[in-house]
There are 4 protein chains.
Amino acid sequence: MVKIGIVGISGYSGGKLLDWLLKHHRVRVTYISANNTQGPATTIWPHLKGKTDLICQTYAEKTAVASADIFFLAVPHTVAMTIVPGLLKAGKKVIDLSGDYRLDSAQEYKKYYKAVHADKPNLATAVYGLPELYREQIKKARLISNPGCYPTAGLLALLPIASAHTALIESIAIDAKSGVSGAGKKAVLALSFCETNENFKAYKVLNHQHMPEIELYLAKAAGKKLTVDFVPHLLPVNCGILETIYVRFKSKLTLDKIHQIYKRFYKTEPFVRVLDQGGQVELKHVVSTNYCDISLAVSNNGKLLVVTSAIDNLIKGASGQAIQNMNLMCGFKETEGLL
Amino acid sequence: MVKIGIVGISGYSGGKLLDWLLKHHRVRVTYISANNTQGPATTIWPHLKGKTDLICQTYAEKTAVASADIFFLAVPHTVAMTIVPGLLKAGKKVIDLSGDYRLDSAQEYKKYYKAVHADKPNLATAVYGLPELYREQIKKARLISNPGCYPTAGLLALLPIASAHTALIESIAIDAKSGVSGAGKKAVLALSFCETNENFKAYKVLNHQHMPEIELYLAKAAGKKLTVDFVPHLLPVNCGILETIYVRFKSKLTLDKIHQIYKRFYKTEPFVRVLDQGGQVELKHVVSTNYCDISLAVSNNGKLLVVTSAIDNLIKGASGQAIQNMNLMCGFKETEGLL
Amino acid sequence: MVKIGIVGISGYSGGKLLDWLLKHHRVRVTYISANNTQGPATTIWPHLKGKTDLICQTYAEKTAVASADIFFLAVPHTVAMTIVPGLLKAGKKVIDLSGDYRLDSAQEYKKYYKAVHADKPNLATAVYGLPELYREQIKKARLISNPGCYPTAGLLALLPIASAHTALIESIAIDAKSGVSGAGKKAVLALSFCETNENFKAYKVLNHQHMPEIELYLAKAAGKKLTVDFVPHLLPVNCGILETIYVRFKSKLTLDKIHQIYKRFYKTEPFVRVLDQGGQVELKHVVSTNYCDISLAVSNNGKLLVVTSAIDNLIKGASGQAIQNMNLMCGFKETEGLL
Amino acid sequence: MVKIGIVGISGYSGGKLLDWLLKHHRVRVTYISANNTQGPATTIWPHLKGKTDLICQTYAEKTAVASADIFFLAVPHTVAMTIVPGLLKAGKKVIDLSGDYRLDSAQEYKKYYKAVHADKPNLATAVYGLPELYREQIKKARLISNPGCYPTAGLLALLPIASAHTALIESIAIDAKSGVSGAGKKAVLALSFCETNENFKAYKVLNHQHMPEIELYLAKAAGKKLTVDFVPHLLPVNCGILETIYVRFKSKLTLDKIHQIYKRFYKTEPFVRVLDQGGQVELKHVVSTNYCDISLAVSNNGKLLVVTSAIDNLIKGASGQAIQNMNLMCGFKETEGLL
């Protein structure tokens, strides 16, 4: 049994990690911490009553290091980068769910996260934890930067076509819609029930920190920079992301051909489901699962591809993918504890 | 045109007051204030863009007094009682939507509102603004204590039977369910979308500050103290209160008889609708209106009456009822601006 | 007082027409009908209890013609075109809320509505009831084809830029999200609460009957055919449409310039509000109103404009706009009964 | 591996059975059927894509009997009683989730289910599948009548006090609120999103078919008939039941004493959690689990107990409890596949 530490147990991602890891047959959660809450895990998450006796502590490196082998960091960005160096130095493996190690340049980090990066050496070596793209590197990694929720749905939707027909792509626009849990567990008026329920709006239009993350890894896969115009919206549901992606081509492609490219690309992937032609993804088919569903449509003139992809933002978009990465790092079956 | 001041424009009740008073043909809103927000009313309430040029100020008695004739206070309890004395002294009429003047004893106030009452003289003379009970007093009042949302639905549901058959009543339990706006416009984690949506729970069980308010005015109407057991719940909707009220009798009564009592009691009331036998109230039939709907059912043995009543907590439960009171105080048609 | 008939009172648009017209000071509703429901209007719409004594009948031309001067048709497409000819022949004015008279070609109608058009003469003369585009024609019209909900939000968002810079536009994609009432009041499993709540999905991707309607009137305004790629989604809210529109240019434009174009275009319009730069429209600011809100953003390279527009699909997207058209046809103030 | 048949796979309970049984380590689902839908299980339940190759058939006894050992019936009432006799005759064990075998008298059945009972012999021998009450009988049963959703939450909330202080109880009123999935997967206007969302109402007041079911098993446990007044409400959430239960006593009891009774009663129960004093159950802590949470409050005079209980109506209120029963019948660990 591998011993697991979760840092940041009180947020939605930390909570989901605890839920799923408590059921995982190959690991044991031995350490949990949170900054603003201490005491029994079941006080923070009453639905777990009867399932765990774990006690949540304030994070202390020494205790943490003595208690577990692999650490999940479900803390806000700028906090993760103060914790990672110590854990790595102590020989631990780390899966960071924050945005701290996702961009490969400290300048970009500053631009989008409005903070100076405090751990450039590890920024350079962190492996981006999208198994569909970096499975082999993840297996050997000591520090995983777990992808953002929007980038997970966006990259999985774009990788096949961007790899196969890079030169043909003229423009890409992602119209993304996320459930409210994506904004975190916070006392903020704009996230209150009455302000969000029966409402809908775009935010950070063309200006969201996940935009450069998508562009970065899309470029690595495609071998060429592709501009991605990204508009996120706040959807009045608890969980789930659906992205409607408009890919314009310089010349026409058929749906048959594109569908074949996607089916082939994800042929052996355990967590990506390409729907049959004519099908359309729905949030409810992926919420509470680690799946990413993808559907495709092409305009009559063959020059516009509309890809729709759906994930649970807290599972495939955060905690589930983090466990998938852990499975790979530990040599477990990749789907262990995730089906 | 009567000149109107609204103190506390940024909360949900203050906002609704502004919405409805801007459409009222007999008054003009001439003063608005809020404590934490200043500037154009349309910045606070963007849906009003194009409808008003009013500028929101920090409350200042001198300016207020110079600007308007009647004041609505939509401020938190404990704040209202610091504002009321000055306004009354300046000869203004006041309709207070907070809980500060609802209970008639400073002791009870302290017990339920956890604060010392700062304005006992006016506490003694305030008129409880439930038109169905105190219409004549309201017409002559200078200070109206506008009823709480739960008490409005509860009292209107109980007054007919409690007046007609006081001695027969053995027990009363109110199972109340309120939309989230009842908790106010606040940055509080427990009111955030993800904590409230797809959830339901009771709170302040047998311990809510509206319980003594219901008991007080029920006793005044019935001529006898009747204990009311009150359990409120948080309902995942924006607006609306539905109360299911269990009235047990010492001996049997028929539905026909009770229905007749209710129909007669509310025969001339413009804002209470007693449904036909067999009907059941629904939130959606009263939300955005100043109506209170009431339906009745009786158990086979005739010893249990189940009254269900429904209102919009922000309208008949707050702002609409306040305007109804204003209409009475000003000699306007009681329904003016409310249909 | 103009006498009004509403055909199809039991659907959501018919119900909203009744709500708003009952409050309108210049008209009196004298005739209401529905096909599957008869009896008091308050049985069909219990929230109206106390506000009307109207009795709903099965539609009969003779009675209808004898009862009212102007008719609103809130019936399904294919039904409207069987009713319109008789009413026009009898000298009545008609505002049709269905899709029957929106496209100008019977072929296109057949392609998108899967039915043969039964009234080609009137199809040729119907005026498209978008006041911002055809105000003068509407004033003189006898048959108004009231715009679809998606086209209203889409056209208002596109008209200014499409008119000002037709030649510059390279592509247009509309990502539209509509509340569930847009699908009508129907017993359909896919629209049931459990299938829709906490869910989100696209439907009729690139294939919706509102797409040719948008293209048609955009072409008329721009003087040139512009292809519009249209993807609608089902949003888990009762009311409201928000469209996020991606307009790509052949060469760059600044936000300042575009914002100025929109402000000027809608300068005197009573129901279109162009937000300040940096603002973003929200459903809750337009729901229950006849407004269309519009906000604008431009990509760094100046070659992508993102327009977001929001309306209430049942008001500006249907019944409110129909009343706005009626006001114009009757010479009333355009905003009468709509503020 | 025990072979499992599920009859009625297309409803919400049948779907949940499939979800949970596919993950159960001791059984294999070998037969699934539905009346109106055939084909791959993943067409009916797309979220299962990648998890099962099962094909759904029209129910045929011969095939069914040849395919599985234990059958779950998730079919409407009146249908189950036509299927049960054949399966039992073939030596199969049956867990019936419908209401057909819950009441012990054909007269009561007719009164509440409006149908003549077609299988009186098995009605007499069916075991009521509430493990907390009939664990030993369940272990040996061949036909389990799985409890209704409301009765599960109601009985678990009432059994401890009704057993301990039968004579003291004066009256019981259950104010129950259920998520919409409790009404089944149906194309019904009243269950459509726009009619249910942002709405709330009571239905079948004092007249629901679950009322006699609660009274029947409460009487068996208490040794005395206790009248239960039952008022169900439709809650705008997908899943979950919360019941607020008002138990009036002839003389006073303390919260300490009652809390102790409940803690003792459920001391060894794996799926009932009695909260600490002062705690209140919430839907979100039980939804998607097989738990029933219970909280307690007592009025100042000690004569009113308010019990609040919460379950997931589809899990502990249907499919989860059915699997719990199967575990007992098969000699598996009671919690197998349910944590």
Side-chain angles (χ1 to χ4, degrees), chain B residues 170-179 190 194-207 227 229-248 278-285 287 293 295-301 303-308 310, chain D residues 170-179 190 194-207 227 229-248 278-285 287 293 295-301 303-308 310:
Chain B
E170 198 169 78
S171 70
I172 298 171
I174 299 182
D175 194 280
K177 302 88 176 171
S178 172
C194 293
E195 300 297 308
T196 308
N197 180 48
E198 295 293 288
N199 196 15
F200 187 72
K201 64 175 173 188
Y203 67 100
K204 291 193 183 180
V205 174
L206 301 174
N207 197 31
T227 296
D229 298 303
F230 181 75
V231 180
H233 302 73
L234 190 62
L235 193 61
V237 304
N238 283 352
C239 288
I241 282 177
L242 190 144
E243 301 189 4
T244 311
I245 306 184
Y246 300 82
V247 184
R248 295 198 179 270
Q280 273 297 326
V281 304
E282 302 190 27
L283 279 197
K284 69 176 158 133
H285 298 153
V287 166
D293 279 1
S295 50
L296 304 163
V298 170
S299 66
N300 284 336
N301 70 4
K303 298 179 74 176
L304 172 67
L305 164 66
V306 178
V307 193
T308 31
Chain D
E170 197 169 78
S171 71
I172 299 171
I174 299 182
D175 193 280
K177 301 90 177 172
S178 172
C194 293
E195 299 297 309
T196 309
N197 180 47
E198 294 296 286
N199 196 17
F200 188 72
K201 65 175 171 187
Y203 67 100
K204 291 192 182 180
V205 174
L206 301 175
N207 196 31
T227 297
D229 298 304
F230 181 75
V231 180
H233 301 73
L234 191 62
L235 193 63
V237 303
N238 284 352
C239 288
I241 282 176
L242 190 143
E243 301 189 3
T244 312
I245 305 182
Y246 300 83
V247 184
R248 294 199 181 271
Q280 272 298 325
V281 304
E282 303 190 27
L283 278 197
K284 70 177 158 130
H285 298 152
V287 166
D293 279 0
S295 50
L296 305 163
V298 170
S299 66
N300 284 336
N301 70 2
K303 295 179 78 176
L304 172 68
L305 165 66
V306 178
V307 194
T308 30

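All values below were derived from every heavy atom in this structure, side-chain atoms included, with hydrogens, water molecules and symmetry-related copies excluded. Convention: sequence-line order gives letters A, B, ...; per-chain numbering from 1.
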Interatomic distance, D:Q280 atom CD to D:T244 atom OG1 [nearest 0.5 angstrom]: 8.0 Å
Scored by heavy-atom pairs under 4.5 Å with chain D, the best of B:D175, B:L206, B:L283 is B:D175
Residues B:E282, D:K201: salt bridge by 4.0 Å N-O rule: yes
Choice from B:N207, B:V287, B:V231, B:T308 maximising heavy atom contacts with chain D below 4.5 Å: B:V231
Roughly how far apart are B:L235 CG and D:K177 NZ, rounded to 0.5 Å? 10.0 Å
Can you tell which of D:C239, D:G240, D:A202, D:S295 has the highest number of heavy-atom pairs within less than 4.5 Å of chain B? D:A202
Residue D:V306 versus chain B: region with a heavy atom under 4.5 Å: side chain
Which residues share a side chain to side chain contact (heavy atoms under 4.5 Å, CB included) with D:V298, sequence neighbours left out: D:L255, D:I258, D:L305
Rounding to 0.5 Å, atoms CD (D:E195) and CG (D:L234) come to a distance of 11.5 Å
Chain B contact via D:H285 - side chain, backbone, both or neither, heavy atoms under 4.5 Å: neither
Check each atom of D:F200 against the heavy atoms of chain B and say whether the ones under 4.5 Å are side chain, backbone, both or neither. both
